[in-house]
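Remarks on the structure that follows.
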Amino acid sequence: MGAPAYLPSIYEVAEVKIKKVVYKNRIRLKEFFVDFDKLRSGFIFENQFLSGLSMAGLDKHLTASQLQALADAYKTPETDRLSKVDYRRFCEDVNTVFTESELEKDPLKEVPAEPSELLDKTRYDFSSKQLPEEREAQLESIMSKLRVECQIKGIMVKPFFDDAAHDKNSCHMVNHVTVSQFKQGLGVKMGFTSLSQADIDVLIEKFLDDEYPPGDMINYVAFAHCLNPVTLDYD
């Protein structure tokens with residue numbers, strides 16, 4: 001009789017899931033913890049660690065027991081009352097899915113192969129969402145007008161939203177902005193004053209990324225690609 005099949009622990013399952021989510025969505029984990037760490041010690045309390053995970057949208061992908069398993073795995077060895085979570089080590093471990101954190105110190109260090117199943121570098125270029133035929137026709141009419149306006153005014157769309165995506169009050173989700181930021185970019189920033197509310201609603205419907213937490217994020221790169229198709233770069 002063969003050996004029993006290996007069953008991964010709750011922590012191991014959580015670790016794999018969180019790396020996939022962080023890699024796919026390019027989440028900057030550290031930014032969700034550092035404000036709790038006033039002394040920049042690298043340690044925060046457990047409730048703060050769990051709050052940071054929630055603010056990063058990770059509670060949409062992991063169960064409560066999996067989130068708790070992550071907190072437990074990175075707790076310091078003090079008593080339960082005083083123990084803190086080593087969020088800095090947690091972030092370093094998760095970020096190995098991108099590269100090795102010590103690569104700058106050792107340029108010859110071998111970097112693990114990029115997990116290609118987690119991220120297609122061109123996945124932001126287009127919205128795969130297909131609207132009803134009438135809405136797609138309306139969308140194309142709107143985009144045609146905006147393309148002409150961009151050409152006449154020399155508007156490069158992506159940089160306007162890049163600034164919003166990196167704003168200190170944003171969700172810090174790469175290549176995405178909130179619906180509110182998207183509306184502001186269209187009107188105040190780029191001056192697309194000819195757009196009606198109905199037009200804006202169609203644009204939001206098309207470029208809203210339903211899979212991206214917290215559920216109200218616009219894939220502005222896909223929008224920009226439709227208007228300035230040869231000007232994209234990636235963060």
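Residue numbers run from 1 in the order of the sequence given. Please read all numbers here as calculations on a predicted model, not as lab measurements.
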Item checked: Phe160 side chain reached by Val188 side chain, heavy atoms, under 4.5 Å -> no
Notebook entry, point to check: Where the side chain of Asp37 meets the backbone of Gly42, is there a donor-acceptor pair that is under 3.5 Å apart?
Noted result: yes
Next item on the list: Tell me, please, whether Tyr23 has Arg26 positioned over its six-membered ring: NZ or CZ under 6.0 Å from the ring centre and within 45 degrees of its axis?
Entry: yes
Checklist line | Any Leu203 side-chain heavy atom under 4.5 Å of Asp199 side chain | finding: no
Check: Distance-only, no hydrogens or angles: does the Gln181 side chain make a donor-acceptor pair with backbone N or O of Thr178 under 3.5 Å?
Finding: yes
Check: So, does Lys30 use its side chain to make a donor-acceptor pair with the main chain of Cys91 at under 3.5 Å?
Finding: no
Notebook entry, point to check: Mind checking whether Glu149 and Ile152 have side chains closer than 4.5 Å, heavy atoms only?
Noted result: no
Next item on the list: Name the orientation class of the two ring planes belonging to Phe49 and Phe33 (parallel below 30°, tilted from 30 to 60°, perpendicular beyond 60°).
Entry: parallel
Notebook entry, point to check: Is Glu140 salt-bridged to Arg147, cutoff N-O under 4.0 Å?
Noted result: yes
Next item on the list: Evaluate whether atom CD of Glu133 has more than 12 neighbouring non-hydrogen atoms of other residues, nucleotides or ligands under 6.0 angstrom away.
Entry: no
Checklist line | Heavy-atom check, side chain of Leu186 versus side chain of Leu195, under 4.5 Å | finding: yes
Note to self: Restricting to non-hydrogen atoms, name the atom on Glu46 and the atom on Val85 that form the minimum distance, rounded to 0.1 Å.
What the structure shows: CA-CG2, 3.8 Å
Note to self: Just so I know, are the side chains of Phe43 and Thr76 near enough to count as touching, which here means a heavy-atom distance under 4.5 Å?
What the structure shows: yes
Next item on the list: Using atom types as modelled and distance alone, determine if a side-chain donor or acceptor of Glu136 lies under 3.5 Å from a backbone N or O of Leu131.
Entry: yes
Notebook entry, point to check: Of the non-hydrogen atoms in Leu50 and Gln68, which two are nearest, and what is the gap between them?
Noted result: CD1-OE1, 3.9 Å
Notebook entry, point to check: Would you find a donor on one side and an acceptor on the other, under 3.5 Å apart, between the side chain of Ser51 and the backbone of Asn47?
Noted result: yes
Item checked: Donor-acceptor contact below 3.5 Å, side chain Asn228 vs main chain Val157 -> yes
Notebook entry, point to check: How about Ile44 and Asp86: do any of their side-chain heavy atoms sit closer than 4.5 Å?
Noted result: no
Margin query: Please check if the number of heavy atoms outside Lys189 that lie under 6.0 Å from its NZ is greater than 12.
Written below: no
Check: Could you walk me through whether Phe161 and Phe182 pass the ring-ring contact (aromatic ring centres under 6.0 Å, His included) check?
Finding: CA-CA 8 Å; Phe161 292 116; Phe182 184 67; 5.5 Å; yes
Item checked: Under 3.5 Å donor-acceptor, Arg88 side chain and Arg40 backbone -> yes
Check: Taking C-beta and beyond as the side chain, do Asp209 and Ile218 meet within less than 4.5 Å on heavy atoms?
Finding: no
Check: Can you tell me if Asp72 uses its side chain to pair, donor with acceptor, with the backbone of Ala69 under 3.5 Å?
Finding: no
Next item on the list: Look at atom NZ of Lys153 and say whether more than 12 heavy atoms of other residues, nucleotides or ligands are closer to it than 6.0 Å.
Entry: yes
Check: What are the two closest non-hydrogen atoms of Leu227 and Met143, and how far apart are they?
Finding: CD2-CE, 3.5 Å
Checklist line | Considering all heavy atoms, the nearest Gly52-Phe36 contact | finding: N-CE1, 4.1 Å
Notebook entry, point to check: Is any side-chain N of the basic residue among Arg135 and Glu205 closer than 4.0 Å to the acidic one's carboxylate O?
Noted result: yes
Note to self: I'd like to know if the side chain of Gln151 and the backbone of Val148 have a donor-acceptor N/O pair within less than 3.5 Å.
What the structure shows: no
